[in-house]
Amino acid sequence: MNQPGTTIIVVELSYQLCHSSAIGLEALRVTVDKLARAYGFLWALRDLNLDLTPGQCVALLGPNGAGKTTLLKLLSGLITPTTGEIRFDGVIFSRSMPELRARVGLLAPSDHLYDNLTARENLTFFSRLYKQSVVPESLDSALEQVGLAERAGDYVANLSSGMKCRLSIAKWMLLQPELLLVDEPYGVLDGSGIRLLENFLKHQCTCGSIVVMASHHVSRALDLCNRVVILSQGRLSFNEAKRQPWPAFETAFSEFLPHGGS
Amino acid sequence: MTLLRQTGLMLWKDTLLELRRRESLLTMFFFGTLLLFVFNFAFDLAPDKIAGMAPGLLWLAFLFTGTLGLAQLFQAERENHNLDALLLSPLDGGALFLAKAAFNLILMVLVEIVVIPLFWILFNLPAWNLLPQIFLVTLLGTVGFCVLGTLMSAITLRARARELLLPLVLFPLMIPVILATIRCMAEVLRTGQFGDQVAWLRLLLGFDVIFLTAGMLIFDWVIES
Amino acid sequence: MIRQSRKRKGILGALALVTVLFSLYWSLVVAPPDAYQGEVQRIMYLHLPSILIAYLSYFLVFIGSGLYLWKREKRDDLLAHAAAELGVLFTALTIIEGSVWGRPTWGVWWTWDARLTLTAILLLIYVGYLMLRSLIEDENRAAMAAAVLGIIGFLDIPLIHMSVYWWRTLHQPPSILRPDKLPWENVHPSMLTALTISFVAFLLLYFYLLSLRYRVGEMHQEVIARRLERGA
Amino acid sequence: MGPWGFVSLAYGIVWGTLVVYLIFLKRRYSRATVELDQLRPMGEAGGDEKK
């Protein structure tokens, strides 16, 4: 793929395993080969091949209906592929593998929280669900980091969607998934929220996790990520590590968005 | 055993939600007692005839009250796509099934503990000493109802008009339980012990075991999106 | 491939028609009336085959549902759906025959006789199955929910059998329509042939209807796909 | 109504409903083929890998 002779600065992937759950476990590597998914007879995603290595922070771009959400759902195990398979360290990821699901997370901004439980109870519930033991202090420190310390006792129903997103971030901070999928988070977050999210995602990547973020905020996603994947009509049209300068990306990207896309 | 730990966790969450929302238990309880009054007006209950009709009336009340509980069972999971959150997590489908069935069972047993004595008082039935056997039969029947009911509630989760569809799909399948419990109760009321109706108890037990195992095995596919 | 299967269906249809006419002729004309029940016994030549066809359909629904849950092949789901629809049709016919047969024999259109009650319950279960399928929009979820209900419903049938027969034997002496005994006394050989012929006729007709309904289901799927593909 | 009345009633209902069902099924069958033929020439080019 690299054109010979041009000076290329490839963003180096450096990571060292630092989050607790990964100690003793070799960092998770996700391979996707000939993945396809059809709804009824319509192909939402066709013969997709990906190789996600630890430390990658992938920006998943593409127009509406390109298959971004389908890919996220497939990677998170919510839906099963029609053909092809997803392998975690060579092991096929299927619903009969609960322990593999413990290593995957899907950050849906204001979803996946119980409205009638308080913020703290939500965190307790999900951390007990994913892990045996739960240290109360870690809950408080997570809430502290996302700035919800004083709202710990409030019901989630009374929180604003921005605060719900912060609570989801706190949740995944606690659960430390090795593959974190993020579905268009920028819609609800304010300035400090976005900084908080991006620091968290960067921290995850430097700790050897894989982050795949689907978004329409191209400029933001580009700053954050070290790899870009573009989908259109269910097919992979671009998959390259970030580099300066990046002509290939401009051409691939301009195909489906009017020039100067947001 | 992760299965029991996860079931316990889900039960803790459901009871906490129920204490906060207070929507299932009270409505089921008042609906049960309401039905007793309605039965009184609906049938001219001469004292001698009532003993024969008691099992049928009681079970009608429990069937409808239980259906209210079942309709609310996955309500918390319908908000905020929480069912997807559970599908994401390493939660075993069987644990979710057990927790939900047990939760509905607890609600129904609490209602039954109050409604049965109330029924005895309102219709001044004589046989107070028979209550333990009556409770045993009702418990076996309620377990069968909750097991199959949770399955049907999960199946109709994403259907339109699911409150109507749930009883339509569930009641025909419940006929063995309905027949068994009513026959057993009638026998207990008539002769004070089970006598040759014990076969019905074995049928009830068989029903509970079969659909408990079937539910545990199949539930992962039921909730899969 | 499609031309060839359409030709096979044509043959099956013609064969079914011939055997049906032959069974009509044999059961209405050739077979002697029953000494005890008289002409009315001829309804049995309809009643017994359609009951067995109904049970066959519910077994096919069970098989289709099981395969669909296991391998997610669309065709198993189509088979289950087609078999369920035909099962409901034949169960309804069975109940109508039963009550028309009951009128002269017992003087009432409907009695809570074990067999009639059983068939009515089966009708309720599988009408619920079809309702469930029609009330869930999403194709895959409807197929999944129906598959689970197809299995659970079939598992319940033996339990329903036991409970209804116990319930029945409690009140009345075992009814005439016992499953294991032919419901009329002197079994004249040509009666048996009438029964076998009409059974074969019903089977052929059933498989013809099943393949037709399956094909309609398949085409319906294709139409959806074509429209989606052109629309997307 | 004599015995033959009941027999003809039963046979009439059964075979009547079966014939009516067959007619409706045939109509659904032909309508589906017509619909497919309308759509097929358009979709002929894309060899769809049907599941």
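Being a predicted model, the structure only gives us computed values, none of them experimental. A note on names: the letters A, B, ... follow the listed sequences, proteins ahead of strands, and every chain is numbered from 1.
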Residue by residue, which of residues 79-94 of chain C have a heavy atom closer than 4.5 Å to a heavy atom belonging to chain B? none

Distance (rounded to the nearest 0.5 Å) between B/Ile218 CD1 and C/Leu69 CG: 5.5 Å

Non-hydrogen atoms of chain C under 4.5 Å away: do they reach the side chain of B/Ala180, the backbone, both or neither? neither

Taking all atoms of both residues into account, what is the closest heavy-atom pair of C/Leu155 and B/Ala214, and its distance? CD1-CB, 4.1 Å

Stepwise side chain to side chain contact (heavy atoms under 4.5 Å, CB included) check, C/Trp167 with B/Ile175: CA-CA 11 Å; C/Trp167 171 61; B/Ile175 282 172; over 6 Å; no

How close do B/Pro172 and C/Ile160 get, counting heavy atoms only, and between which atoms? O-CD1, 4.1 Å

Out of C/Ile136, C/Ile157, C/Asp156, return the one with the most heavy atom pairs under 4.5 angstrom to chain B. C/Asp156

C/Trp166/B/Leu203 under side chain to side chain contact (heavy atoms under 4.5 Å, CB included): CA gap, chis, key distance, verdict: CA-CA 11 Å; C/Trp166 285 355; B/Leu203 180 89; 3.9 Å; yes

To the closest 0.5 Å, what do you measure between OH (C/Tyr129) and CD1 (B/Ile155)? 11.0 Å

Checking B/Ala154 against chain C: side chain, backbone, both or neither under 4.5 Å from a heavy atom? neither

Tell me, for C/Ile152 versus chain B, whether the close heavy atoms (under 4.5 Å) come from the side chain, the backbone, both or neither. both

Taking atom CZ of B/Phe43 as the centre, report whether more than 12 heavy atoms of other residues, nucleotides or ligands fall under 6.0 Å from it. yes

Under 4.5 Å from any heavy atom of chain C, what part of B/Leu148 do you find: side chain, backbone, both or neither? side chain

Are there over 12 heavy-atom neighbours, none belonging to C/His220, within less than 6.0 Å of that residue's NE2? no

Check side chain to side chain contact (heavy atoms under 4.5 Å, CB included) between C/Leu78 and all other residues, then give those that pass, not counting sequence neighbours. C/Tyr214, C/Glu218, C/Gln221

Could you give me the CA-CA distance, side-chain angles and deciding distance for C/Arg72 and B/Trp221, then say whether side chain to side chain contact (heavy atoms under 4.5 Å, CB included) is met? CA-CA 11 Å; C/Arg72 289 303 156 72; B/Trp221 287 313; 3.2 Å; yes

Please round to the nearest 0.5 Å and tell me the distance separating atom CE of B/Met174 and atom OG of C/Ser163. 11.0 Å

CA sep, side-chain torsions, deciding dist, call: B/Met152, C/Leu149, side chain to side chain contact (heavy atoms under 4.5 Å, CB included): CA-CA 8 Å; B/Met152 291 304 127; C/Leu149 184 57; 3.7 Å; yes

Which bit of C/Met131 comes within less than 4.5 Å of chain B, counting heavy atoms only: side chain, backbone, both or neither? both

Would you say CH2 of C/Trp110 has more than 12 non-hydrogen atoms from neighbouring residues, nucleotides or ligands within 6.0 angstrom? yes

Those residues that, when tested against B/Phe171, pass side chain to side chain contact (heavy atoms under 4.5 Å, CB included) (two or more places apart): B/Leu63, B/Phe64, B/Thr67, B/Phe145, B/Pro167

Minimum-distance pair of heavy atoms, taken over all atoms of B/Leu173 and C/Gly153: CD2-CA, 3.8 Å

With sequence neighbours excluded, tell me which residues meet side chain to side chain contact (heavy atoms under 4.5 Å, CB included) with B/Pro55. B/Ile182, B/Met185, B/Ala186, B/Leu189

